[in-house]
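Structure, as structure tokens:
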Amino acid sequence: MKKNYQNRPIGIFDSGVGGLTVLKEIVKFLPNEDIIYFGDTARVPYGIKSADTIKKFAFQDVNFLLSKNIKIIVVACNTVSSNAMEDLKLKYKNIPFVDVLMPNAIYASQITNNFKIGVIGTPATILSAAYKKSLKRLNPKIKVFSKMTPLLVPLAEEGFIKGQIVDSLLKHYLKSLIGKDIDTLILGCTHYPLFEKSISKICGKNISVINSAKHTARTVKNILEDYNMENYENKKGDIQIYLSDIPNNFERILKRFLKIRISNKIEKINIENF
Ligand code: DGL
């Protein structure tokens, strides 16, 4: 039993604002936990970079969170989850990790009826074929249809998430997947829940759209319970956000789209030092 771990914060990281969709769900499931969030806003997007660069960035992100004495690390980024998970688990053996890919894949494999699953993600996520491999391992009958949707991350970072231009782009990206008769669509990037309403509308009622945040949050809760690391104190958890660059629109995205209120000041750190 790791009793002294119960009061430590949960560490979460992403390349930018995307991981906040996961943070939001974790707060719902575990309201009394303290959370340290790191968004690598100076180096976003990760999804168009090579696997080696993604790994290097992920190591630095984890080193930063470890310096904050966290008890678990939530990799709230599909690009890192698809390209660096094995290396992270090998390098940091003493800390539990939760990635966003497996909870997504498990849920999709459970709800598909026709075994045709679509996945959208960053180029690095799709090129890694990590979703395809995981889904096939869960059920060899599953057919996976993948599509890179690289313009969605910059739009989300800009807070440009609805309207005619966004809808035409989404229709363009989703057309080929819908044409493959998928009954389940995985939003394989933590930035994409910001477009969830429009994506669900375009997909129609015959396609279930999976936003990994909820399933990831449940997995975090289960792991904390298993390790007896859950914080049972009767208080509201404290959220501290660190960024490698503070973009002008960050607070607006927090308030307007994610509806997350942060009482602490957002702090800037130099991630190259970690
Ligand atoms: N939000 C991330 C993901 O889930 C990364 C996006 C990016 O940096 O390209 O893949």
Side-chain angles (χ1 to χ4, degrees), residues 11-26 37-62 65 73-85 88 97-105 107-108 118-132 134 146-161 169 173 185-196 199 209-217 219-220 241-245 247 249-250 253-254 257-258 260 271:
I12 307 179
F13 76 92
D14 178 43
S15 56
V17 299
L20 294 166
T21 60
V22 178
L23 179 146
K24 193 175 154 190
E25 289 301 323
I26 291 180
Y37 180 91
F38 173 63
D40 196 1
T41 40
R43 306 190 293 195
V44 67
Y46 283 10
I48 53 167
K49 302 200 165 72
S50 69
D52 281 348
T53 301
I54 294 164
K55 282 176 200 165
K56 182 185 142 204
F57 288 177
F59 288 158
Q60 290 177 314
D61 302 344
V62 168
L65 289 178
I73 293 183
V74 183
V75 181
C77 173
N78 285 265
T79 304
V80 174
S81 300
S82 323
N83 286 277
M85 253 1 264
L88 285 175
F97 280 96
V98 176
D99 68 271
V100 275
L101 189 145
M102 274 324 280
N104 243 343
Y107 185 66
V119 181
I120 54 173
T122 65
T125 296
I126 301 302
L127 288 172
S128 74
Y131 268 105
K132 198 171 194 161
S134 303
S146 312
K147 179 94 186 160
M148 296 176 193
T149 50
L151 292 175
L152 299 184
V153 169
L155 288 180
E157 289 287 324
E158 281 294 319
F160 196 70
I161 56 166
L169 179 70
Y173 277 151
L185 175 71
I186 295 179
L187 303 185
C189 173
T190 52
H191 283 70
Y192 299 175
L194 289 166
F195 304 98
E196 193 174 359
I199 292 177
V209 175
I210 301 182
N211 158 356
S212 65
K214 207 189 295 165
H215 311 292
T216 305
T219 309
V220 174
I241 295 188
Y242 294 86
L243 301 174
S244 48
D245 186 36
N249 55 358
F250 196 85
I253 295 180
L254 268 182
F257 305 124
L258 289 156
I260 297 175
I271 192 65

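Whatever order the structure lists ligands and atoms in, that order sets their numbers, starting from 1. Because the structure is predicted, anything quoted here is derived from the model rather than measured. All values below come from the heavy atoms of this structure, side chains included, with hydrogens, waters and symmetry mates left out.
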Option from Leu194, Ile161, Leu169 for which side-chain contact (heavy atoms from CB on, under 4.5 Å) with Leu155 holds =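 Testing Leu155 for a side-chain contact (heavy atoms from CB on, under 4.5 Å) against Leu194, Ile161, Leu169 leaves exactly one candidate, Leu169.
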Can you list the residues that meet the side chain to side chain donor-acceptor pair (under 3.5 Å) rule with [X], with sequence neighbours excluded?
{"X": "Thr149", "value": "Tyr192"}
{"X": "Asp14", "value": "none"}
{"X": "Asp99", "value": "none"}

message = Could you check whether Asp61 pairs with Arg43 (Lys NZ or Arg NE/NH1/NH2 to Asp/Glu carboxylate O, under 4.0 Å)?
response =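 Yes, this pair counts.
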At less than 3.5 Å, what protein N or O atoms come close to the N or O atoms of ligand 1? Include the distances to 0.1 Å.
| from | atom 1 | to | atom 2 | distance (Å) |
| --- | --- | --- | --- | --- |
| ligand 1 | 1 (N) | Asp14 | OD1 | 3.0 |
| ligand 1 | 1 (N) | Thr190 | OG1 | 2.9 |
| ligand 1 | 1 (N) | His191 | ND1 | 2.6 |
| ligand 1 | 4 (O) | Asn78 | N | 2.7 |
| ligand 1 | 4 (O) | Asn78 | ND2 | 3.3 |
| ligand 1 | 4 (O) | Thr190 | N | 2.8 |
| ligand 1 | 4 (O) | Thr190 | OG1 | 3.2 |
| ligand 1 | 8 (O) | Ser15 | OG | 2.5 |
| ligand 1 | 8 (O) | Tyr46 | N | 2.7 |
| ligand 1 | 9 (O) | Tyr46 | N | 3.3 |
| ligand 1 | 9 (O) | Gly47 | N | 2.7 |
| ligand 1 | 10 (O) | Asn78 | N | 3.4 |
| ligand 1 | 10 (O) | Thr79 | N | 3.0 |
| ligand 1 | 10 (O) | Thr79 | OG1 | 2.6 |

key: Check: Thr190 side chain, Ala76 main-chain N or O, donor-acceptor pair, under 3.5 Å   =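 Side chain of Thr190 to backbone of Ala76, a donor-acceptor pair under 3.5 Å: yes, one is there.
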